[in-house]
Engineer: 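Here it is, the structure, as structure tokens.
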Amino acid sequence: MDVPRVGVAAKKRKRRIIIIAASALGLILATIAISRLKPAVPSVDRSTVWIDTVKRGPMVRQVRGLGTLVPEDIRWIPANTEGRVEKINIWPTKVEPGAVILELSSPELEQSAHEAESKAKGAEADLATSRATLQRELLDQESKTAVAHSAYEQAKMERQTNDQLAKNGLVADLVYKTSKIKEQECQKSDEIELKRLAFARDSIEPQLAAKQAAVDQANQLAKLKFDQVEALHVRAGMSGVLQQLPVQIGQRLKVGDNLARVADPTKLKAQVKIAETQAKDIQISQKAIIDTRNGVANGHVTRVDPAVEQGTVNVEVAFDEQLPKGARPDLSVDGTIELEHLDDVVYVGRPAFGQENNTVGMFKLVAGTSEAVGTPVKLGKSSVNTIQILDGLQPGDQVILSDTSAWDAHDRIRLN
């Protein structure tokens, strides 16, 4: 007969609970331990990153941009009148001042010029007629003045004679009085004719001046019209190179339309486009170096465009020396402008991700190891290839300048 064992089931239940609790506790401890483990240090191929050493000494601040060579002396030739392009004599090439580039036609202008010439000739004829008329009238007045003066002299002599006769009682009183009145009348007539003569002489010049002004005006209009006709033969106007000819045969033109562009290729300047964020410190007369790919030439800044175009500022540079061979208009160049010289500063090569006057994270190599640790670095003024270090690095430190944004989640990396 089997004897039942008391408490066996309770012991099994208690053991099971202990095992389950221990397993749960172990799982929790393992999870906590795993969560506290540091992530694996990423490995980076040393040959794929750019490493530079922090230095102390003088630093030249520069900005750089791409540009082109352009002539200093450029002349756009405008249309001085409406017309039609009849003939193109010269295509873009070297030209002289008198070279006829285009020939235009304008029948209306030619007709207007002939009408202006006819009016000018008519005004000259009118002036000649007026001069002859005034001279004839002056001669007539001189003749009348002479007759009046002669009559006055005769009346005066007659009155003087009657004075003597009247003293001796040899002339009638009526005749004597009549001679005196006649003398007075002739004297007044003589004075009036003298005034008329003086007026006639003085009035000739003003009357001819008015006619002369009309002649001059007509001649100027005629000259203007013929100059416009002559301008239908479009000339270069200067020695240089015909660069552009934006017209076609048969094209109708308005006054002011550009017909051609002529430039002097012997006097060139550089137009360099600088990023607007870097152009704020550029000043007139700052030194510039222009690389034409065939050599470099020194110059200085002559103008900074006040406007921003597509994120860049146009800077003009005049050359202080002869340009390298092969320099020609529209040649692409590299321009470097020196902003200032900084003495005794800590600097390093410009990182791919750092901007001036900003704090960035950079990986600094740990001496004696193959690791680099993240370090906050305060940057100062920047140049084309270098940037000033204000805090976070010391001379002799080596840092990675390449883009390290892929490792922002790690505080250190290993270089292989």
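Values below: every heavy atom of this structure, side chains too, minus hydrogens, waters and symmetry copies.
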Engineer: Could you walk me through whether Leu259 and Trp76 satisfy the side-chain contact (heavy atoms from CB on, under 4.5 Å) test, starting with their C-alpha distance in whole Å, then the side-chain angles of each, then the deciding distance to 0.1 Å, before giving a yes or no?
Structural biologist: CA-CA 7 Å; Leu259 305 180; Trp76 274 103; over 6 Å; no
Engineer: Does a salt bridge link Arg61 with Asp281, judged by any charged N lying under 4.0 Å from a carboxylate O?
Structural biologist: yes
Engineer: Return yes if some donor-acceptor pair links the side-chain N/O of Glu321 with the main-chain N/O of Asn298 below 3.5 Å, else return no.
Structural biologist: yes
Engineer: For Asp163 and Lys180, what are the C-alpha separation, side-chain angles and deciding distance, and is it a salt bridge (charged side-chain N to carboxylate O under 4.0 Å, His left out)?
Structural biologist: CA-CA 9 Å; Asp163 283 345; Lys180 291 175 67 175; over 6 Å; no
Engineer: State plainly whether the residues Glu142 and Arg201 are in salt-bridge range, i.e. N to O under 4.0 Å.
Structural biologist: yes
Engineer: Checking Arg303 against Glu316 for the salt bridge (charged side-chain N to carboxylate O under 4.0 Å, His left out) test, could you report, in this order, the C-alpha distance in whole Å, the side-chain angles of both residues, the deciding distance, and whether it holds?
Structural biologist: CA-CA 5 Å; Arg303 179 178 175 271; Glu316 293 186 358; 3.6 Å; yes
Engineer: Counting neighbours of CD on Gln217 that are heavy atoms of other residues, nucleotides or ligands and sit closer than 6.0 Å, is the number greater than 12?
Structural biologist: no
Engineer: State whether the number of non-hydrogen atoms from other residues, nucleotides or ligands found under 6.0 Å of Gln394 atom CD is greater than 12.
Structural biologist: no
Engineer: Might you work through the side-chain contact (heavy atoms from CB on, under 4.5 Å) test for Asn80 and Val255, ending with a clear yes or no?
Structural biologist: CA-CA 5 Å; Asn80 293 327; Val255 176; over 6 Å; no
Engineer: Output, in order, the C-alpha distance, side-chain angles, deciding distance and verdict of side-chain hydrogen bond (donor to acceptor under 3.5 Å, both in side chains) for Ser105 and Glu86.
Structural biologist: CA-CA 6 Å; Ser105 65; Glu86 289 290 338; 2.7 Å; yes
Engineer: Quick one: do Lys156 and Glu183 make a salt bridge, cutoff under 4.0 Å?
Structural biologist: no
Engineer: Do the non-hydrogen side-chain atoms of Thr359 and Val377 ever get within less than 4.5 Å of each other?
Structural biologist: no
Engineer: Please test Thr336 against Val63 for side-chain contact (heavy atoms from CB on, under 4.5 Å), starting from the C-alpha separation and ending with a verdict.
Structural biologist: CA-CA 6 Å; Thr336 302; Val63 292; over 6 Å; no
Engineer: Should the pair Lys177-Asp173 be classified as a salt bridge under the 4.0 Å nitrogen-to-oxygen rule?
Structural biologist: yes
Engineer: Got a sec: does the CZ of Phe199 have more than 12 other heavy atoms crowding it under 6.0 Å?
Structural biologist: no
Engineer: Can Lys144 and Glu193 be counted as an ion pair, charged N to O under 4.0 angstrom?
Structural biologist: no
Engineer: Can you check whether Ala260's main-chain N or O pairs, donor with acceptor, with Asn258's side chain at less than 3.5 Å?
Structural biologist: no
Engineer: What I want to check is whether the side chains of Gln141 and Arg196 have a donor and an acceptor closer together than 3.5 Å.
Structural biologist: no
Engineer: With a sphere of 6.0 Å drawn around CD of Glu205, does it hold more than 12 non-hydrogen atoms of other residues, nucleotides or ligands?
Structural biologist: no
Engineer: Would you call Lys119 and Glu117 a salt bridge, using N to O less than 4.0 angstrom?
Structural biologist: no
Engineer: Does Arg235 pair with Glu230 as a salt bridge, N-O distance under 4.0 Å?
Structural biologist: yes
Engineer: With a 4.0 Å cut-off, would you call Lys280 and Glu356 a salt bridge?
Structural biologist: yes
Engineer: Would you indicate whether the side-chain heavy atoms of Ile51 and Leu401 approach each other to under 4.5 Å?
Structural biologist: no
Engineer: Determine yes or no for a side-chain-to-main-chain donor-acceptor pair under 3.5 angstrom, with Arg328 supplying the side chain and Gly326 the backbone.
Structural biologist: yes
Engineer: Any Lys/Arg nitrogen of Asp334 or Arg64 sitting under 4.0 Å from an Asp/Glu carboxylate oxygen of the other?
Structural biologist: no
Engineer: Judged by atom type as modelled, is there a donor-acceptor pair below 3.5 Å linking the side chain of Gln388 to the main-chain atoms of Lys381?
Structural biologist: yes
Engineer: Salt bridge check: are Lys287 and Asp320 linked by an N-O gap of less than 4.0 Å?
Structural biologist: no
Engineer: For Leu245 and Leu102: C-alpha separation, side-chain torsions, deciding distance, then whether side-chain contact (heavy atoms from CB on, under 4.5 Å) applies.
Structural biologist: CA-CA 9 Å; Leu245 199 63; Leu102 300 172; 4.1 Å; yes
Engineer: Is there a side-chain contact between Gln212 and Val215 in this structure, where contact means two heavy atoms from C-beta onward sitting under 4.5 Å apart?
Structural biologist: yes
